[in-house]
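Worksheet: the structure to be examined is printed underneath.
Proteins get letters first, then strands, A, B, ... in listed order; numbering begins at 1 in each.
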Amino acid sequence: DQQVKQNSPSLSVQEGRISILNCDYTNSMFDYFLWYKKYPAEGPTFLISISSIKDKNEDGRFTVFLNKSAKHLSLHIVPSQPGDSAVYFCAARASGTYKYIFGTGTRLKVLA
Amino acid sequence: DSGVTQTPKHLITATGQRVTLRCSPRSGDLSVYWYQQSLDQGLQFLIQYYNGEERAKGNILERFSAQQFPDLHSELNLSSLELGDSALYFCASSEGLAGGPFTDTQYFGPGTRLTVL
């Protein structure tokens with residue numbers, strides 16, 4: 001049972017445009033969500049997070065939106081740059097636990 | 001560089017064998033997490049240690065075990081290896097703030113690629 005789903009395995013976006021990566025979850029006990037970026041031959045790198053008490057968190061070009069009623073979060077990258085090309089994982093954690101559940105990732109390719 | 005080191009980088013072994021993967025957390029981090037990433041899969045949480053004690057357990061097989069030592073480094077032991085154990089194994093560390101998990105960001109190592117032939 002995949003509690004965190006990233007239904008788009010890949011996404012291609014033109015440089016300078018917006019990239020939108022989506023993530024859906026099923027567990028209503030999740031209260032903390034994170035996005036990680038992963039380059040080939042490296043470990044995932046923390047990008048941005050959001051707690052369930054917020055619906056938006058922004059850090060530079062990266063914004064995460066959380067829609068609790070739809071159990072959906074999205075990562076917006078504006079403007080997209082070629083260096084953003086990587087695999088992006090969303091992850092979630094339930095209240096009171098230290099166990100993080102990761103999605104299967106979305107491969108983003110930003111075209112120059 | 002996340003500050004988390006993992007050795008070895010690559011490991012090739014045969015079915016039925018036993019291997020040990022090692023992880024050194026970032027300086028000052030008390031928590032260590034282990035994850036498995038199989039082909040086209042997300043990261044599967046295996047186990048977490050905090051200051052030497054097991055804190056959380058995921059879908060870790062009974063053939064797998066881990067420990068965290070007094071110097072805070074951690075080892076993941078995989079035994080009776082099967083072909084399906086071939087995967088990337090990541091270690092992550094965090095401060096493991098007691099009572100403050102909302103900001104407990106995990107920093108990942110580069111991973112160990114295990115190939116079982």
Would you kindly confirm whether A/V13 and A/F65 end up in one hydrophobic cluster when ILVMFWY residues are joined by side chain heavy atoms under 4.5 Å apart? no
Please check if the number of heavy atoms outside B/N51 that lie under 6.0 Å from its CG is greater than 12. yes
B/R113 CZ: over 12 foreign heavy atoms closer than 6.0 Å: no
I'd like to know if B/L76 and B/L30 are part of one continuous hydrophobic network [Ile/Leu/Val/Met/Phe/Trp/Tyr, side-chain heavy atoms within less than 4.5 Å]. no
Compare every heavy atom of B/L43 with every heavy atom of A/P44, then report the nearest pair and how far apart it is. CG-CD2, 4.0 Å
Report which part of B/K57 has an atom under 4.5 Å of a heavy atom belonging to chain A: side chain, backbone, both, or neither. backbone
Pair A/K38, B/F90 - check side chain to side chain contact (heavy atoms under 4.5 Å, CB included), show working. CA-CA 12 Å; A/K38 185 183 181 301; B/F90 288 103; 3.5 Å; yes
Which distance, rounded to the nearest 0.5 Å, do you find between the OG1 of B/T105 and the CG of A/L47? 11.0 Å
Same cluster or not: A/L73 versus A/I20, using hydrophobic residues (I, L, V, M, F, W, Y) connected whenever any side-chain heavy atoms lie under 4.5 Å apart? no
Taking side chain as everything from C-beta outward and backbone as N, CA, C, O, which of these in B/Y107 sits under 4.5 Å from a heavy atom of chain A? Side chain, backbone, both or neither. neither
For A/R17, is the CZ atom crowded, meaning more than 12 foreign heavy atoms sit under 6.0 Å from it? no
Check whether A/L21 and A/F33 end up in the same hydrophobic cluster, where Ile, Leu, Val, Met, Phe, Trp and Tyr are linked by side-chain heavy atoms less than 4.5 Å apart. yes
So A/F89 and B/Q37, do their side chains get closer than 4.5 Å, heavy atoms only? yes
Euclidean distance, B/R55 CZ relative to A/T97 OG1, rounded to 0.5 Å: 10.5 Å
Given side chains that start at C-beta, do those of B/Y35 and A/Y100 come closer than 4.5 Å, heavy atoms only? yes
When you group the ILVMFWY residues by side-chain heavy-atom contacts below 4.5 Å and let the links chain together, are B/W34 and B/V4 in the same group? no
Begin from the C-alpha positions of B/F108 and A/Y36 and carry the test ring pair (Phe, Tyr, Trp, His ring centres under 6.0 Å) through to its verdict. CA-CA 10 Å; B/F108 281 79; A/Y36 282 85; 5.3 Å; yes
Within a strict 4.5 Å, meaning less than it, do heavy atoms of the B/Y33 and A/K99 side chains meet? no
Is it the backbone or the side chain of B/Q6 that comes under 4.5 Å from a heavy atom of chain A, or both, or neither? neither
